[in-house]
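Heads up: the structure comes next, in structure tokens.
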Amino acid sequence: MTNVAVIGTGYVGLVTGVVLSEIGHTVTCIDLDEQKVNSLKLGMSPIYEPSLDELMVKSIESGRLYFTTNHQEAFVNARIVFIAVGTPQSESGAADLSYIQQAAKDIALKIVNDTIIVVKSTVPIGTNDLVEKIIYENLVADVDVNVVSNPEFLREGHAIHDTFHGDRIVIGAESIEAGDTIEQLFNPLEIPVVRTNRRSAEMIKYAANAFLATKISYINEIANLCEKMGANVLDVADGMGLDHRIGRAFLNPGLGYGGSCFPKDTEAIAYLGRQYETPLTIVESAIKANFHQRELFLHKVLDYFHGNVEGKIIGMLGLAFKPNTDDLREAPSLYLIEELEKRGAIVKAYDPVVKNLKQCVCSVQEVLINSNAVLLVTEWDEFKKANIDNSVIFDGRYIYGK
Ligand SMILES: NC(=O)c1ccc[n+]([C@@H]2O[C@H](COP(=O)([O-])OP(=O)(O)OC[C@H]3O[C@@H](n4cnc5c(N)ncnc54)[C@H](O)[C@@H]3O)[C@@H](O)[C@H]2O)c1
Ligand SMILES: O=c1ccn([C@@H]2O[C@H](COP(=O)(O)OP(=O)(O)O[C@H]3O[C@H](CO)[C@@H](O)[C@H](O)[C@H]3O)[C@@H](O)[C@H]2O)c(=O)[nH]1
């Protein structure tokens, strides 16, 4: 079993650390955020993710999972160091690599063993090369370093399940031995492994996310046409999805995609296309269609009130960008709240997990009572069972039947 360090304890770093320790490795997770590390040490996860807390506590108690803010402490025994820091969108649309660059410098200054560095963050093609360069330029100890790309495919809300039962593990390595070591690390998971060079591995991640985002934008445009033509998009999606070449997954129409990945990753790959003068016109269109979908929904609501929502009470069911998470990054709810309040509406919202916005109320019932209209924004199971009979509902996720 191997001694591993993980830099970054967000969705990806924390889940990676917990799962690696669950399959027998000894893992130390590092984060700069002291408050986060203190709560993690007590077995409290800062994010809402089904079964994460239980597994985390189990691993801490078994003595195979540690947390620290001190890189040196984490690296002293580590043979493998994962980088799982954020790669947010910068103003140009490109991925902001400043956290990655800082992590590479931290590694260079503080590792003391021959180490394999695994880049798990979603990064533009060529970033693993950059990480290797930064490390070798700043390396203090006389040690060997290999950099391996291992993009992550987990979904929020299913993170633990996806890590144990992923469709594939992608390992992009220039050194066969380093790639073999990472493959062995994941061996107990018994998930099919795809071996490539580093640049292909980096591309697989962006190409997969952009494809899924495009699939969503595609069905959303079909849904808009269905509405005008008397077709039922859910029947259409079922009929299309039974063709195994298409598949039913990611054909759920609605308000479009949000979250911390699709919006920024589609922008980042589109940016690369422009940078390398190979425009990704399909992805560019998917991005535009996604934004249009939110606008269209907003305009349906405004039209219902003849363009004037001043003083109207608008109820909102769901705030998180999707069910089973508390993540609000790029959530359509935030766009809708801003646009409606700007026009003088009073928004009251209920989400089973997100409780910290000033619009939050305590129950579905509270949303339904007295609202002039109700917007279904996140398809939590709880809302599927709610009695909505007497309300004007704008169903942003097509959950209320065909
Ligand atoms: N969230 C997802 O579902 C998901 C899935 C697959 C891939 N990804 C990718 O994985 C990466 C991480 O995403 P996330 O959602 O886990 O990020 P996050 O923003 O939730 O967490 C990143 C963490 O890294 C810490 N950090 C930053 N720089 C550091 C440093 N130098 N040393 C120690 N800690 C540092 C931050 O304090 C933060 O806690 C991104 O590239 C993202 O695109 C995310
Ligand atoms: O048929 C669908 C499926 C999803 N969505 C929306 O798409 C967004 C993303 O959903 P999902 O993919 O389930 O969640 P994420 O946690 O963002 O996961 C995506 O992004 C991660 C980060 O890169 C990847 O690791 C995952 O494989 C990829 O699915 C959400 O707003 C969903 O509401 C739809 O509108 N229709």
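Checked against the 6.0 Å centroid threshold, Y335 and F291 count as a close aromatic pair.
Salt-bridge check for K205 with D265: failed, with every basic side-chain N at 4.0 Å or more from each acidic carboxylate O. Using a 4.0 Å cut-off between a side-chain N of Lys or Arg and a carboxylate O of Asp or Glu, D395 and K300 do not qualify as a salt bridge. With respect to the salt-bridge test (charged N to carboxylate O, under 4.0 angstrom), the residues R294 and E339 do not qualify.
Surrounding OH of Y398 are more than 12 heavy atoms belonging to other residues, nucleotides or ligands, all under 6.0 Å away.
Put simply, the side chain of S39 gets close to the backbone of M44: a donor and an acceptor are under 3.5 Å apart.
Using a 4.5 Å heavy-atom cutoff, the side chains of I134 and K105 are in contact. Using a 4.5 Å heavy-atom threshold, the side chains of F305 and R343 count as separate. Contact of the S333 side chain with the L328 side chain is registered, since non-hydrogen atoms from C-beta on lie closer than 4.5 Å. With contacts defined as side-chain heavy-atom distances shorter than 4.5 Å, the pair F186/I191 does not qualify.
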*Give the C-alpha distance, both sets of side-chain angles, the deciding distance and a yes or no for side-chain contact (heavy atoms from CB on, under 4.5 Å) between R274 and E284.*
CA-CA 10 Å; R274 294 193 297 273; E284 302 264 13; 2.9 Å; yes
*Using the side-chain contact (heavy atoms from CB on, under 4.5 Å) rule, take F164 and E22 through it: C-alpha gap first, then chi angles, then the decisive distance, then the call.*
CA-CA 10 Å; F164 278 112; E22 174 67 15; 3.6 Å; yes
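One distance of note links CD of E49 with OH of Y11; it measures 7.0 Å at 0.5 Å rounding.
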